[in-house]
Enquirer: 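Got a structure for you, written out below as structure tokens; questions coming shortly.
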Amino acid sequence: QVQLVESGGGLVQPGGSLRLSCVASGFTIRSYVMSWYRQAPGKERELVASISSVGGSTTYTNYADSSKGRFTISRDNAKNTVYLQMNSLKPEDTAVYYCKAVRDVPWPAEYWGQGTQVTVSS
């Protein structure tokens, strides 16, 4: 069973921090581009950050402009888990955060988690 399970969301005050986790099962995240997306009420789902590797040695990370300098995406291959460290949280960060896995080879595949709610409010 292929599965992505997010956790770590919750209620936090502006300026606070949260670390989201995405545990994958049924596949190895090393072979996939892993991303965090978020969707706020009334808005489209948007990319937050992504992480990938080439040749099993080089790691690439990409961030949305709204995430740069505040969020950090990382992975623990031994635990088959991707993380999103979120610092200096703002009310506009409030959204459901989703974990995504995608690859093109050896055959295309795409998986989504169920999401975890992040609410930034005083």
Side-chain angles (χ1 to χ4, degrees):
Q1 180 74 26
V2 172
Q3 194 172 30
L4 292 172
V5 179
E6 303 97 331
S7 63
L11 176 64
V12 64
Q13 294 185 348
S17 299
L18 285 173
R19 189 177 77 157
L20 306 183
S21 298
C22 172
V23 180
S25 60
F27 69 99
T28 301
I29 64 170
R30 184 74 178 184
S31 301
Y32 291 74
V33 177
M34 303 298 298
S35 301
W36 286 97
Y37 284 74
R38 69 185 183 188
Q39 188 166 25
K43 295 186 177 181
E44 292 188 346
R45 191 169 299 184
E46 64 177 358
L47 176 68
V48 176
S50 63
I51 186 167
S52 61
S53 64
V54 176
S57 60
T58 303
T59 300
Y60 298 92
T61 57
N62 290 284
Y63 297 91
D65 288 341
S66 61
S67 303
K68 292 179 180 177
R70 299 189 300 126
F71 295 1
T72 303
I73 188 170
S74 62
R75 68 184 182 216
D76 186 334
N77 290 331
K79 296 182 178 180
N80 216 32
T81 300
V82 177
Y83 303 94
L84 182 67
Q85 178 67 46
M86 304 187 294
N87 299 324
S88 302
L89 284 163
K90 305 174 182 179
E92 50 262 45
D93 295 318
T94 296
V96 177
Y97 283 71
Y98 298 91
C99 182
K100 177 188 177 183
V102 64
R103 75 175 187 189
D104 291 325
V105 293
W107 56 85
E110 181 177 307
Y111 310 112
W112 288 88
Q114 82 290 346
T116 184
Q117 176 71 48
V118 172
T119 302
V120 184
S121 176
S122 59

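Model, not experiment: these values are computed from the prediction. Note that the numbering runs from 1 along the sequence shown for the chain.
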Enquirer: So Arg38 and Asp93, do their side chains get closer than 4.5 Å, heavy atoms only?
Expert: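 The answer is yes, as the side chains (C-beta and beyond) meet within the 4.5 Å cut-off.
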Enquirer: How long is the gap from CZ on Phe71 to OG1 on Thr61, to the nearest 0.5 Å?
Expert: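 Phe71 CZ to Thr61 OG1: 14.5 Å, rounded to 0.5 Å.
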Enquirer: Can you measure from OG (Ser121) to CD (Gln13) and round to the nearest 0.5 angstrom?
Expert: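 So the gap between those two atoms works out to 8.5 Å.
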Enquirer: With distance as the sole test, does Ser88 use its side chain to make a donor-acceptor pair with the main-chain N or O of Arg70 at under 3.5 Å?
Expert: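 Not confirmed, Ser88 side chain does not pair with Arg70 backbone.
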Enquirer: Evaluate the criterion side chain to side chain contact (heavy atoms under 4.5 Å, CB included) for residue pair Ser17 and Gln85; output intermediate values, then yes/no.
Expert: CA-CA 7 Å; Ser17 299; Gln85 178 67 46; 4.0 Å; yes
Enquirer: Is it true that atom CD of Glu44 has more than 12 heavy atoms of other residues, nucleotides or ligands lying nearer than 6.0 Å?
Expert: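 Not more than 12 within 6.0 Å, no.
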Enquirer: A side-chain contact here means heavy atoms from C-beta on lying under 4.5 Å apart; do Cys22 and Leu4 qualify?
Expert: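 Yes, close enough: below the 4.5 Å cut-off.
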Enquirer: Is there a side chain to side chain contact (heavy atoms under 4.5 Å, CB included) between Val23 and Asn80 once you walk through the steps?
Expert: CA-CA 6 Å; Val23 180; Asn80 216 32; 5.8 Å; no
Enquirer: Side-chain heavy atoms under 4.5 angstrom apart, residues restricted to Ile, Leu, Val, Met, Phe, Trp, Tyr: same cluster for Val2 and Met34?
Expert: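 As far as the 4.5 Å side-chain criterion goes, Met34 and Val2 are connected within one cluster.
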Enquirer: Do the side chain of Asp76 and the main chain of Thr81 share a donor and acceptor less than 3.5 angstrom apart?
Expert: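 Absent.
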Enquirer: Taking Arg103 for the side chain and Ser31 for the main chain, is one N or O donor matched with an acceptor at less than 3.5 Å?
Expert: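 Checking the backbone N and O of Ser31 against the side chain of Arg103, no donor-acceptor pair under 3.5 Å is found.
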Enquirer: Where does the angle between the aromatic ring planes of Tyr98 and Trp112 fall among parallel (under 30°), tilted (30 to 60°) and perpendicular (over 60°)?
Expert: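 Tyr98 vs Trp112 ring planes: perpendicular.
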Enquirer: Are Val33 and Leu20 co-members of a hydrophobic cluster defined by side-chain heavy atoms under 4.5 Å apart?
Expert: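 No, Leu20 does not connect to Val33 through the hydrophobic network.
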Enquirer: Flag the pair Asn77 / Ile29 as yes when at least one side-chain heavy-atom distance between them is below 4.5 Å, and no otherwise.
Expert: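 Contact flag for Asn77/Ile29 side chains = yes.
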Enquirer: Membership question, hydrophobic clusters at under 4.5 Å side-chain separation (ILVMFWY): are Tyr37 and Val82 in the same one?
Expert: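 No; Tyr37 is not reachable from Val82 via cluster members.
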Enquirer: Quick one: does any side-chain atom of Tyr83 pair with a main-chain N or O of Thr72 as donor and acceptor, under 3.5 Å?
Expert: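 Such a contact is absent between Tyr83 side chain and Thr72 backbone.
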Enquirer: May I ask you to test the Ser35-Val102 pair for a side-chain heavy-atom distance under 4.5 Å?
Expert: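 A side-chain contact under 4.5 Å is absent here.
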Enquirer: In plain terms, say whether Asp65 and Lys68 are close enough for a salt bridge, that is, a side-chain N and a carboxylate O under 4.0 Å apart.
Expert: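 Salt bridge flag = yes for Lys68 with Asp65.
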Enquirer: Hey, quick one: are Ile51 and Tyr63 part of the same hydrophobic cluster, counting side-chain heavy atoms closer than 4.5 Å, chains of contacts allowed?
Expert: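 They do share one cluster, since a chain of ILVMFWY contacts under 4.5 Å joins Ile51 to Tyr63.
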Enquirer: So do the side chains of Trp36 and Glu6 get within less than 4.5 Å of each other, counting heavy atoms only?
Expert: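 Trp36 reaches Glu6 side chain to side chain.
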Enquirer: So which atom in Gly8 and which in Thr116 form the shortest heavy-atom distance, rounded to 0.1 Å?
Expert: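 Result for this residue pair: N-OG1, 4.3 Å.
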Enquirer: Are Val96 and Ile73 grouped together when hydrophobic residues (ILVMFWY) are joined by side-chain heavy atoms under 4.5 angstrom apart?
Expert: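 No: no chain of side-chain contacts under 4.5 Å links Val96 to Ile73.
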Enquirer: Between Ser66 and Glu92, does a side chain to side chain contact (heavy atoms under 4.5 Å, CB included) hold up when you go through it step by step?
Expert: CA-CA 10 Å; Ser66 61; Glu92 50 262 45; over 6 Å; no
Enquirer: Is the side chain of Ser67 donor-acceptor paired with the backbone N or O of Val48 at a distance under 3.5 Å, no angle test?
Expert: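 Here the side-chain-to-backbone pair exists.
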Enquirer: Could you check whether any side-chain heavy atom of Val12 comes within less than 4.5 Å of a side-chain heavy atom of Met86, counting everything from C-beta outward?
Expert: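 No - every pair of side-chain heavy atoms lies 4.5 Å or more apart.
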Enquirer: Could you please spell out the steps behind the side chain to side chain contact (heavy atoms under 4.5 Å, CB included) verdict for Gln117 and Leu11?
Expert: CA-CA 8 Å; Gln117 176 71 48; Leu11 176 64; over 6 Å; no
Enquirer: If I take atom CZ from residue Phe27 and atom CD from residue Gln1, how far apart are they, to the nearest 0.5 angstrom?
Expert: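 Between Phe27 CZ and Gln1 CD, I get 11.5 Å after rounding to 0.5 Å.
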